[in-house]
Structure formats: structure tokens, C-alpha cells
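We count residues from 1, following the sequence as given. Everything numeric in this text was worked out from a predicted model, so none of it was measured.
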Amino acid sequence: MTHPETARPLRADARRNRERLLEAALKAFSGTDSAAGVSLEGVARAAGVGIGTLYRHFPTREALIEEVYRAELARLCDAAPRLRAQLPPAEALRAWMDGYIDYMATKHGLAEALREVIAAGGQPFAQSRDLLVGAVSGLLGDGLRADVDPLDVLTALTGVSLAAGGPERREQAGRLLDLLVDGLRAR
């Protein structure tokens, strides 16, 4: 697998193809109960590219799955500073928490596929915790409690996700996130 820090920048069309492949793979892997039933040819077709294009970007099935997961993680973590710049601290944190619940639902959908990656020797979660803690740390600011460990916030968010992360329980998840944010406001 090519590492982003050593790769040459992609041409605009290649970057678009890569993004379409990641979107199609995310839908395919998170929308099924069995990752084994997802064909790479189907992913390429859904992205509107040939199988050769898929293999140019992702030489193995595991490389594609791992990159789908990493792209979702990056999307979530990259949202933190943007939200912080656009919204008051408590609102930014709450908006990011909604994104975290979506991320966890995606991760749950990708669980079987990620097990394939791990079985093949990949380490998709190697940087997850540090990136997530960094995102939460950046969101805990003015008007929010300074004595809270960002890892505790992530643990609470994971609990909300496990208890009410499904689409049919989104309303309850929202109420639980509101309670969590309220508890994080400085007194």
C-alpha cells in the first residue's frame, strides 16, 4: 500500500476516481451483513470505473477496506477544527458528537470487513485513538469543563453509540448527547 506521505500527488481525475471508489466501497461494505458478498468488480462498477482503476489505487481488497475506514476517521477528525471555527464551543462539540455517532454506525457496518484486514496483518485502528482524542481535545474549549479527560468523552460517546447508535434510535441518541454536552459545560 502506498503511504500518503511518500506518494506523488494524484491528478485531478485520478483523485476523483479514488474518492468515488471509496464512496462506493463504503456503501457496499457498510450496507451488508457479509463482507464476503461484496465484489470488487461491483465496487468498481458502482464508482463508474474499471476494475483496473480500482487495483491501481488499492492493490488488495484489504487495502481498499482499510482506506475506507481511514477516510471515514479522517473525515470525522478533520471536521473538529472546522466546527470549532464556525460554531460556539458547546455547539461545535455537539455537532461533532453527531458525526461520531454516524462514524460508529459506519464502523459497525464495516466490522466484518475490518476483521478481514486484521486477519491479513493490517492495523486499521493503529492511529484511531490518538486522532479521536486530538479531535475531542480541540473541541473542549471556552465555556466547557477544562478538567475532563478527552478519552472519557470518547468512552461516553461510545456508550451512547452502543446504546442508541442505530438509525431507529437516533432521537434517543440525540437526547443522550444533549445530556453529555450539558454535563461538559463549565459551571
Side-chain angles (χ1 to χ4, degrees), residues 1 3-7 19 22-23 25-27 29-31 35 62-63 65-119 121-187:
M1 187 166 101
H3 295 284
E5 60 275 2
T6 60
E19 289 168 5
L22 289 172
E23 287 173 24
L26 175 64
K27 285 180 187 172
F29 285 110
S30 61
E62 291 78 18
I65 295 165
E66 188 167 353
E67 191 55 31
V68 166
Y69 171 73
R70 289 183 191 280
E72 288 304 296
L73 176 66
R75 186 176 319 195
L76 174 65
C77 293
D78 291 349
R82 275 195 314 277
L83 290 168
R84 182 79 161 106
Q86 296 169 351
L87 299 169
E91 290 177 36
L93 179 62
R94 178 60 174 81
W96 190 86
M97 288 176 166
D98 275 326
Y100 183 85
I101 298 298
D102 292 339
Y103 160 80
M104 289 298 288
T106 298
K107 187 173 149 188
H108 178 73
L110 282 171
E112 182 184 341
L114 288 167
R115 282 191 289 277
E116 287 179 20
V117 171
I118 293 165
Q123 297 181 343
F125 308 122
Q127 299 171 338
S128 301
R129 180 178 163 190
D130 291 342
L131 292 172
L132 290 166
V133 167
V136 171
S137 295
L139 288 163
L140 294 174
D142 302 334
L144 297 172
R145 291 179 49 184
D147 64 331
V148 174
D149 183 335
L151 190 54
D152 291 344
V153 174
L154 284 172
T155 302
L157 284 172
T158 300
V160 169
S161 174
L162 291 172
E168 72 285 353
R169 311 265 317 263
R170 252 333 245 219
E171 192 175 311
Q172 182 184 25
R175 290 190 308 269
L176 293 170
L177 294 178
D178 289 342
L179 285 170
L180 184 55
V181 170
D182 191 47
L184 292 170
R185 291 182 196 276
R187 302 284 181 235

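Closest approach of Pro89 and Gly141 over heavy atoms only: CB-C, 4.5 Å. Between Val68 and Ala25, the shortest heavy-atom distance links the atoms CG2-CB, 3.5 Å. Across all non-hydrogen atoms, the minimal contact from Val117 to Pro124 is CG1-CD, 3.9 Å. Contact between Arg70 and Gln127 at its shortest, heavy atoms only, is NH1-OE1, 3.9 Å. In this structure, Leu139 and Ala80 approach most closely via the heavy-atom pair CD2-O, 3.6 Å. Of all heavy-atom pairs between Ala71 and Leu22, the closest is CB-CD1, 4.2 Å.
Here Leu177 contributes atom CG and Gln172 contributes atom CD; the two are 10.5 Å apart, rounded to the nearest 0.5 Å. In this structure, CG in Leu93 is found 7.0 Å from CG in Leu180, a value given to the nearest 0.5 Å. Atom CZ of Arg75 and atom CD of Glu72 lie 4.0 Å apart (nearest 0.5 Å). The line from CG of Leu140 to CZ of Arg84 is 8.5 Å long, rounded to the nearest 0.5 Å. Considering CG of Leu73 and CZ of Arg129, their distance stands at 14.0 Å, rounded to 0.5 Å.
Within the structure, no pair that satisfies the ring-ring contact (aromatic ring centres under 6.0 Å, His included) test touches residues 134-173, not counting sequence neighbours.
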Please list every donor-acceptor pair under 3.5 Å in which a side-chain atom of residues 97-105 meets a protein atom from a residue at least two apart or in another chain.
{"residue": "Asp98", "atom": "OD1", "partner": "Arg94", "partner atom": "NH1", "Å": "2.8"}
{"residue": "Asp98", "atom": "OD2", "partner": "Arg94", "partner atom": "NH1", "Å": "2.8"}
{"residue": "Tyr100", "atom": "OH", "partner": "Thr158", "partner atom": "OG1", "Å": "2.8"}
{"residue": "Asp102", "atom": "OD1", "partner": "Arg170", "partner atom": "NH1", "Å": "3.2"}
{"residue": "Asp102", "atom": "OD1", "partner": "Arg170", "partner atom": "NH2", "Å": "3.3"}
{"residue": "Tyr103", "atom": "OH", "partner": "Tyr69", "partner atom": "OH", "Å": "2.7"}

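The closest side-chain heavy-atom distance from Leu151 to Val136 is not below 4.5 Å.
Remark: side-chain polar atoms of Trp96 are not paired, donor with acceptor, to backbone N or O of Pro81 under 3.5 angstrom. Panel note: side chain Ser161, backbone Leu157; no donor-acceptor pair is recorded below 3.5 Å. Using a distance-only test at 3.5 Å, with no hydrogens or angles considered, a donor-acceptor pair links the side chain of Arg169 to the main chain of Ala163.
A side-chain contact (heavy atoms from CB on, under 4.5 Å) with Val153 is found for one member of Leu144, Val181, Leu132, Leu184 and no other, namely Leu184.
Residue Glu168 places its CD atom among more than 12 non-hydrogen atoms of other residues, nucleotides or ligands, all under 6.0 Å distant.
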Review point. Checking salt bridge (charged side-chain N to carboxylate O under 4.0 Å, His left out) for the pair Glu171/Arg175: CA distance, chi angles, key distance, verdict?
Key: CA-CA 6 Å; Glu171 192 175 311; Arg175 290 190 308 269; 3.5 Å; yes
